There are 2 protein chains.
Amino acid sequence: MRLSDMLTQYIMDMLESEGNAEIRRNELADRFGCVPSQINYVLTSRFTPEQGYIVESRRGGGGYIRITRIRADKSTTLMHIINSVGESLDNITAQIMINNLKSASIINDEAARLMLSALSDRTLSGVAPSMRDRVRASIFKNMLIAII
Amino acid sequence: MRLSDMLTQYIMDMLESEGNAEIRRNELADRFGCVPSQINYVLTSRFTPEQGYIVESRRGGGGYIRITRIRADKSTTLMHIINSVGESLDNITAQIMINNLKSASIINDEAARLMLSALSDRTLSGVAPSMRDRVRASIFKNMLIAII
DNA sequence: ACATCTTTGGTCAGTAAAAGTCAAAGTCAG
DNA sequence: CTGACTTTGACTTTTACTGACCAAAGATGT
């Protein structure tokens with residue numbers, strides 16, 4: 001296994017268990033028997049903002065490198081939508097919302113199709129018309145909650 | 001026997017026994033005493049998506065080429081399940097079916113969670129109990145149809 | 001306060017280790 | 001003979017790793 005993969009793993013594990021990872025560059029390099037700049041390589045290649053991470057650091061005595069995961073958009077956006085949907089939801093509105101989520105790359109094409117299909121009037125034809133929009137709201141919100 | 005046929009055989013055998021084949025291009029070329037690009041030729045001529053394979057690779061130190069066989073039976077399996085579900089479907093059965101689809105890698109984790117959530121009793125609590133299992137069957141079948 | 005270490009981390013360019021591309025040359029069935 | 005398939009190798013691109021040198025922040029002595 002590659003050095004960079006092992007370092008990545010190490011940091012990911014730390015993030016997993018602690019929520020954020022704070023390391024000392026030299027110490028880590030020492031433990032893995034590599035040059036300190038290797039740490040920077042791993043950080044710039046695998047923990048970029050595009051990949052959802054923030055890296056902060058400080059030099060001098062007591063210096064550190066802190067890596068934090070940003071779960072930003074997805075959960076925030078989903079929560080926002082869940083809160084905006086009340087007790088009732090019509091099919092057209094649901095379609096618009098789902099397409100918006102897809103355009104924003106928060107859900108993929110398959111998820112979008114699953115949702116659209118689950119919420120369509122045809123699928124819900126067995127539900128009493130008076131309850132249909134309420135059931136649709138329930139299904140939609142619960143599906144979103146499931147993928148937060 | 002042709003070089004490309006021997007290489008094809010080698011990779012197929014690997015797929016057969018391991019499920020997927022991960023190779024190092026130079027190493028393999030070396031073993032067969034040919035130029036590395038011969039491997040690429042074999043991959044592009046015999047392991048294309050049309051022929052049911054996915055080829056992933058990575059350059060640089062520690063690079064690799066991974067060949068995986070695509071399961072062509074996705075739609076077949078889905079159709080089978082759709083046909084096996086009648087007018088009514090209870091929650092437990094739905095959960096089992098969804099987990100089976102996931103274990104068989106026919107749907108991913110996100111799709112599984114979406115479905116499980118959409119079909120749960122809690123989500124469908126607004127549907128009259130007498131209709132609930134019928135609505136569940138409808139949603140389930142329509143979701144599966146959407147991803148065929 | 002200030003100047004001067006000392007202790008960190010940062011940058012960058014160079015080297016090496018893969019895999020990818022493409023076109024020319026070779027082979028072979030029809 | 002011809003056209004499609006194979007094989008080769010020179011050149012390209014991407015990724016990994018290292019080391020020398022740089023920059024910043026704390027520590028210390030005056």
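Given the structure is predicted, the values throughout are model-derived calculations rather than measurements. Residue numbers begin at 1 in each chain, while the letters A, B, ... track the order of the sequences.
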* Which pairs count as ring-ring contact (aromatic ring centres under 6.0 Å, His included) when at least one residue sits in residues 7-30 of chain B, sequence neighbours excluded? ->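 Every ring-ring contact (aromatic ring centres under 6.0 Å, His included) pair that includes a residue of residues 7-30 of chain B, provided the two are not neighbours, is B:Tyr10-B:Phe32.
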
Could you give the [atom1]-to-[atom2] distance, from [X] to [N], as a whole number of Å?
X: B:Asn26; N: C:dG20; atom1: CG; atom2: P; result: 10 Å
X: B:Ile39; N: C:dT21; atom1: CD1; atom2: C1'; result: 15 Å
X: B:Leu7; N: D:dT6; atom1: CG; atom2: P; result: 12 Å
X: B:Glu56; N: D:dT15; atom1: CD; atom2: C1'; result: 17 Å
X: A:Asp30; N: D:dG19; atom1: CG; atom2: P; result: 13 Å
X: B:Ile65; N: D:dT14; atom1: CD1; atom2: P; result: 16 Å
X: A:Leu43; N: D:dT15; atom1: CG; atom2: P; result: 17 Å

* **Closest-nucleotide ordering on DNA chain C, the 5'-leading residue of B:Tyr64 and B:Arg2** =>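 Closest to the 5' end, via its nearest nucleotide, is B:Tyr64.
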
Given [options], identify the nucleotide with an atom nearest to the side chain of [X].
X: B:Leu3; options: C:dG10, C:dG20, D:dT7; value: D:dT7
X: B:Tyr41; options: D:dC17, D:dT7, C:dG9; value: D:dT7
X: B:Gln38; options: D:dT8, C:dG10, D:dA16; value: D:dT8
X: A:Val35; options: D:dT18, D:dT8, C:dT21; value: D:dT18

Is the phosphate of [N], meaning OP1 or OP2, less than 4.0 Å from a side-chain N or O of [X]?
X: B:Arg46; N: D:dT6; answer: yes
X: A:Asn40; N: C:dG9; answer: no
X: B:Ser37; N: D:dT7; answer: no
X: B:Ser57; N: C:dA18; answer: no
X: B:Arg58; N: D:dA16; answer: yes

* Among side-chain atoms of A:Arg134 and A:Ser88, is any donor-acceptor pair under 3.5 angstrom? ->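 Looking only at side-chain atoms, A:Ser88 and A:Arg134 do not form any donor-acceptor pair under 3.5 Å.
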
* Asked: Under 3.5 Å, is there a donor-acceptor pair between the A:Tyr64 and A:Arg58 side chains?
  ->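 Short answer, no.
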
* Asked: Want to settle it: does A:Arg59 or A:Asp5 sit nearer the 5' end of DNA chain D, counting the closest nucleotide to each?
  ->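 Nearest-nucleotide comparison on DNA chain D picks A:Asp5.
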
* Asked: Of A:Ser45 and B:Met1, whose nearest nucleotide on DNA chain D comes first from the 5' end?
  ->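 The residue whose closest nucleotide sits nearer the 5' end is B:Met1.
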
* To do: Select base, sugar-phosphate, or nothing to describe what A:Gly60 touches, counting heavy atoms under 4.0 Å on all strands.
  =>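 Since a base atom lies under 4.0 Å of A:Gly60, the category is base.
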
* To do: Remember a base hit wins even if backbone is also touched, and classify B:Gly61 as base, sugar-phosphate or nothing at under 4.0 Å, heavy atoms.
  =>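 Base contact.
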
* **Residues A:Leu124, A:Arg136; criterion side chain to side chain contact (heavy atoms under 4.5 Å, CB included); working and verdict** => CA-CA 8 Å; A:Leu124 300 179; A:Arg136 188 173 359 249; 3.9 Å; yes

* Please check if the side chain of A:Thr93 supplies one atom and the backbone of A:Leu89 the other of a donor-acceptor pair under 3.5 Å. =>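 A pair under 3.5 Å: no.
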
